[in-house]
Amino acid sequence: MFTLLKDKTVLRRDILASLVVFLVALPLCVGVAVASGVPAELGLVTGIVGGIVVGFLPGSSLQVSGPAAGLTVLVYDAVQEFGLGVLGAIVLVSGLLQLALGAFGFGRWFRAISVAVVQGMLAGIGLVLVLGQVYAMADTAQPSGGPGKIAGLPGLVGDIFTNSTALTAFAIGAGTIAVLVVWPKLPARVRVVPGPLAAVALATGVTMLLDLSIAKVEVKGLLESISPPGLGEFGELASVAAIGSVLAFTLIASAESLFSAAAVDRMHDGPRTDYNKELMAQGVGNTICGALGALPMTAVIVRSAANVQAGARTPLSRILHGLWLLLFAALLPAAIGIIPLAALAGVLVHAGCKLVPFKDIVPLWREHRGEAIILAITAVAVLVTNLFEGVILGLLLAVVKTAWEISHLHVDVRELTGGRMVVSVTGNATFLRLPRIMEQLEELPKDQPIELDLSGLRHLDHACRISLENWALRHNDAETEPVKMLPPLAAAVPEAAAAGTESSTKAGAS
């Protein structure tokens with residue numbers, strides 16, 4: 001890095017990129033914190049740690065870390081269930097787990113998580129985020145749980161059209177979303193200002209100009225917001241629910257960071273990511289964030305993409321972006337207090353919609369229908385239950401789908417001259433296919449000699465072996481010779497097949 005920084009062109013590009021990333025990160029750090037139910041300053045603390053601390057650590061050189069919309073739902077639920085103090089303990093322990101996973105080389109295994117499960121998880125988070133933040137856009141308290149948010153939508157619509165304050169706030173939020181949608185289509189010289197910053201700034205300006213009476217961000221001050229967890233908060237982690245939250249934080253933050261790293265690697269031609277070191281860097285960051293009582297961090301693809309697209313070449317850009325966040329929080333804290341909550345809610349509604357892969361669902365359904373089903377079920381499960389249970393269900397479905405697909409089996413029934421039948425079974429015989437195998441075998445006549453050829457099997461599990469042996473013992477009548485069974489991998493070719501003519505009927509058990 002230091003060698004490259006001797007080049008003034010590289011140094012200038014990194015400084016400019018850091019300013020772009022700072023302008024993108026500022027409204028998102030505040031918005032994620034407010035949506036998570038914690039003081040706005042804690043989002044800035046996480047962004048500062050993600051820049052200044054994680055920015056120095058090895059792993060991925062250009063991706064940027066901070067509070068992420070993908071963890072908003074999980075953080076909000078944890079704060080509601082355990083309180084803000086316990087959140088720090090959860091984040092700290094999750095960071096230590098990430099450190100351990102990286103140190104023991106588990107970083108690369110997170111790349112093996114089914115993409116459909118990750119997309120379903122993010123889609124579910126996006127749906128919950130959108131459903132929750134539409135209430136915040138109207139300055140209305142959101143119901144708990146996904147089903148509650150859905151059930152409350154008719155009442156929310158009624159409030160918007162009957163309550164002038166709710167209507168005003170919702171109009172500000174909707175205007176913020178409109179700016180975010182239109183911004184990428186504007187000329188390049190206008191888009192020098194990041195969309196989220198422009199949208200929030202315009203909404204804030206309109207609110208101040210028209211002197212609108214809507215809720216704004218509450219400001220406590222950076223140092224006042226930091227509250228390290230005590231021993232009592234760590235004691236509450238002994239419950240099953242708290243342990244589940246720790247595991248969910250660890251799994252989801254790690255997977256999102258490493259998937260983001262893979263995406264960022266495709267955007268530039270610089271050094272590739274060391275996944276174990278990146279996981280450890282995220283662990284260090286989350287350990288520090290937990291010790292400060294702040295939000296959890298993860299690598300954020302929006303900020304990382306902005307960093308690469310702005311021309312960053314070294315980690316200096318992400319380090320400086322953390323420094324700019326620190327200076328802003330220390331010198332201009334009052335600026336946060338004039339931002340309307342509805343505008344931040346609009347930014348997060350827009351971010352939540354982008355988490356749902358609308359464009360990918362139809363092509364995925366055409367090419368990989370099973371993956372599309374896993375994506376949809378995972379998303380719905382996250383919406384109606386919670387993030388941890390939804391992801392676990394998605395992972396289980398992915399494992400079952402894979403097991404089902406690799407256990408392809410084919411049963412070939414050949415009748416030779418003289419009445420002898422040869423039944424060849426090829427593929428992978430597992431318990432998942434056992435009912436269909438037995439149905440086909442039990443349909444065979446009991447008064448003909450049968451030879452069961454298993455030499456073409458690549459795998460035969462215990463359940464199938466026992467069932468086939470029992471069938472061979474019981475199937476034929478007393479006056480018919482017993483079923484002859486060739487074991488797997490025994491290369492046996494019936495002598496009668498070489499001399500006689502044969503008729504063949506095939507039945508697939510796939």
Side-chain angles (χ1 to χ4, degrees), residues 27-28 30-40 43 69-70 72-73 75-77 79-80 122-185 195-219 336-356 358 379-380 382-384 386:
L28 292 176
V30 175
V32 168
V34 172
S36 300
V38 305
T72 300
V73 176
V75 174
Y76 181 85
D77 290 342
V79 171
Q80 296 301 308
L122 294 175
I125 290 170
L127 292 173
V128 176
L129 192 60
V130 170
L131 289 171
Q133 292 307 301
V134 291
Y135 290 90
M137 282 174 59
D139 281 351
T140 303
Q142 57 177 289
S144 61
K149 292 178 175 64
I150 296 172
L153 289 178
L156 174 65
V157 174
D159 288 343
I160 292 173
F161 286 103
T162 58
N163 187 313
S164 60
T165 302
L167 179 59
T168 302
F170 192 81
I172 291 295
T176 303
I177 296 173
V179 172
L180 288 168
V181 172
V182 172
W183 202 256
K185 303 175 183 178
L197 181 68
V200 171
L202 288 171
T204 303
V206 170
T207 302
M208 294 179 64
L209 184 64
L210 301 180
D211 193 23
L212 301 178
S213 180
I214 59 177
K216 299 179 177 63
V217 177
E218 295 183 8
V219 179
I336 302 174
I338 64 174
I339 300 175
L341 290 177
L344 294 177
V347 170
L348 290 175
V349 167
H350 183 259
C353 289
K354 291 174 72 174
L355 290 175
V356 183
F358 293 109
V380 172
V382 169
L383 177 63
V384 300
N386 58 57

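From a predicted model like this one, the values you see are computed outputs, not experimental measurements.
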Problem - K354 atom NZ: more than 12 heavy-atom contacts under 6.0 Å - result: no
So, taking the atom named [atom1] in [X] and the one named [atom2] in [Y], what distance separates them when rounded to the nearest 0.5 Å?
| X | Y | atom1 | atom2 | answer |
| --- | --- | --- | --- | --- |
| T204 | L344 | OG1 | CG | 7.5 Å |
| Y76 | L129 | OH | CG | 12.0 Å |
| L348 | L28 | CG | CG | 7.5 Å |
| W183 | H350 | CH2 | NE2 | 13.0 Å |

Closest heavy-atom contact between [X] and [Y]?
| X | Y | value |
| --- | --- | --- |
| I160 | L167 | O-CB, 3.2 Å |
| L156 | A138 | CD1-CB, 3.9 Å |
| T207 | P340 | OG1-CG, 3.7 Å |
| S36 | V75 | CB-CG1, 3.6 Å |
| M137 | A174 | CE-N, 3.4 Å |
| A203 | I172 | CB-CG2, 3.9 Å |

Exercise for the section: Would you sort out whether L341 and I214 count as a side-chain contact (heavy atoms from CB on, under 4.5 Å), showing the intermediate values? Expected result: CA-CA 8 Å; L341 290 177; I214 59 177; over 6 Å; no
Practice task
Mind running side-chain contact (heavy atoms from CB on, under 4.5 Å) on N163 and D139 for me, showing each step along the way?
Solution key: CA-CA 11 Å; N163 187 313; D139 281 351; over 6 Å; no
Exercise for the section: For residues L131 and L153, determine if any side-chain heavy atom of one lies less than 4.5 Å from a side-chain heavy atom of the other. Expected result: yes
Problem - Pairwise side-chain contact, I150 with L383, heavy-atom cut-off 4.5 Å (strictly under) - result: yes
Exercise for the section: Decide side-chain contact (heavy atoms from CB on, under 4.5 Å) for T165 and S213; before the verdict, give the C-alpha distance in whole Å, the side-chain angles of both, and the deciding distance to 0.1 Å. Expected result: CA-CA 7 Å; T165 302; S213 180; 5.8 Å; no
Handout entry: Donor-acceptor contact below 3.5 Å, side chain K149 vs main chain P143
Key = yes
